[in-house]
Amino acid sequence: MDITQIVEDIAGAMARETERGKVADYIAPLAAIAPERFGMAVVLRDGSVHVAGDAEEPFSIQSISKVFALTLAIGAVGDQLWTRVGREPSGSAFNSIVQLESERGRPRNPFINAGAIVVTDVLLGHLEPREAIGQMLRFVRELASDETIRIDEEVARAEQETGFTNMALANYMRAFGTVRGDVAKVLGTYFHFCALSMSCRQLAMAGRYLMDGGRVEGRRFVTERRARRINALMMSCGHYDNSGDFAYRIGLPGKSGVGGGILCVAPGIASIAVWSPGLNGNGNSQLGQMALERLVYQTGWSVFEPKFS
Ligand code: GLN
């Protein structure tokens, strides 16, 4: 199977698509991104990297950072995390507030905004915001073996200035005690995580630990069991109220962000990142999903595909 060719063919097909979705416009730095952009990177278990399109261009990973934050929080407090956040798909929008009242301030899962805010609060249980942001940056740089990854301060500032719904979520959870620390510090940290700027290549490299049972180049970052469980959460909750459809069409653990990126894992086979800024109605990359659908169709990488070898 010629993965380089497949990735190039997909990028070519995506360049011809006219229905590209709608670029996020709640902050100026995201609204300014051209909808024509498309990048894709596939890292195989043998270490080979296959890229096409704008795969080297950094973009705002936004909610994909929730995967890395969850990994750090599980590392810090283990299964105790699950006393404060659930593991069920939400069936509602990424920034929905309605479930929180009936479920007494405990978010459905760590991949919706409310859940990631709690995860951030957990990290701040033993770190100052500056330390937690530094830890996150070091973590993704190590995962990706790339010291050039950075946080876009302009994006972080814009998130802060417009993040009224996130403020409402955090304050509401503070009232229930699921968020315990200083709300402003928790949000400031969360916004910096969202503002991580990475290219498809860097993101696919950073996802290798989920492809390879928690290890990268022989070095262990999480246990095999935790890697498996993070993948399970990505499959069931990685695309908000679009998660069922993503599993149906693509059949791989994945996590999207409103910057138009998707990190996707074929366990034991590949770590994949796609980026196209136009979003569907659920806030997930329109062409990113289409590209992944083509990739699994051509490779048979869906976890639901029988592997008889
Ligand atoms: N920064 C965005 C927010 O908090 C992230 C959401 C997303 O990527 N879906 O609203």
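Positions are given from 1 along the sequence. One-based numbering, in listed order, for ligands and for the atoms of each.
- Within 6.0 Å of atom CZ in Arg141, more than 12 heavy atoms from other residues, nucleotides or ligands are found, so the atom counts as buried in its surroundings.
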Table of N or O contacts for ligand 1, cutoff 3.5 Å:
from, atom 1, to, atom 2, distance (Å)
ligand 1, 1 (N), Tyr26, OH, 3.3
ligand 1, 1 (N), Gln62, OE1, 2.5
ligand 1, 1 (N), Glu159, OE1, 2.8
ligand 1, 1 (N), Glu159, OE2, 3.3
ligand 1, 4 (O), Asn113, ND2, 3.1
ligand 1, 4 (O), Asn166, ND2, 2.9
ligand 1, 4 (O), Tyr190, OH, 2.8
ligand 1, 8 (O), Ser63, N, 3.2
ligand 1, 8 (O), Ser63, OG, 2.6
ligand 1, 8 (O), Val258, N, 2.9
ligand 1, 9 (N), Ser63, OG, 3.0
ligand 1, 9 (N), Tyr240, OH, 2.8
ligand 1, 10 (O), Asn113, ND2, 3.1

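- Under the salt bridge (charged side-chain N to carboxylate O under 4.0 Å, His left out) criterion, no residue pair touches residues 268-286, with sequence neighbours excluded.
- Relative to the ring axis of Trp275, Arg37 does not place its NZ or CZ within 45° and under 6.0 Å from the centre.
- Residue pairs that meet the ring-ring contact (aromatic ring centres under 6.0 Å, His included) test with at least one member in residues 212-265, sequence neighbours left out, are Phe94-Tyr240, His239-Phe246.
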Original post:
Would Glu293 and Arg249 satisfy salt bridge (Lys or Arg N to Asp or Glu O under 4.0 Å), going step by step from the backbone distance to the final call?
Top reply: CA-CA 6 Å; Glu293 201 171 4; Arg249 285 169 54 194; 2.9 Å; yes
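- Contacts classified as side chain to side chain donor-acceptor pair (under 3.5 Å) and involving residues 208-234 (residues at least two apart or in different chains) are given here: Arg45-Asp212, Thr71-Tyr209, Glu142-Arg219, Ser145-Arg208, Arg208-Glu217.
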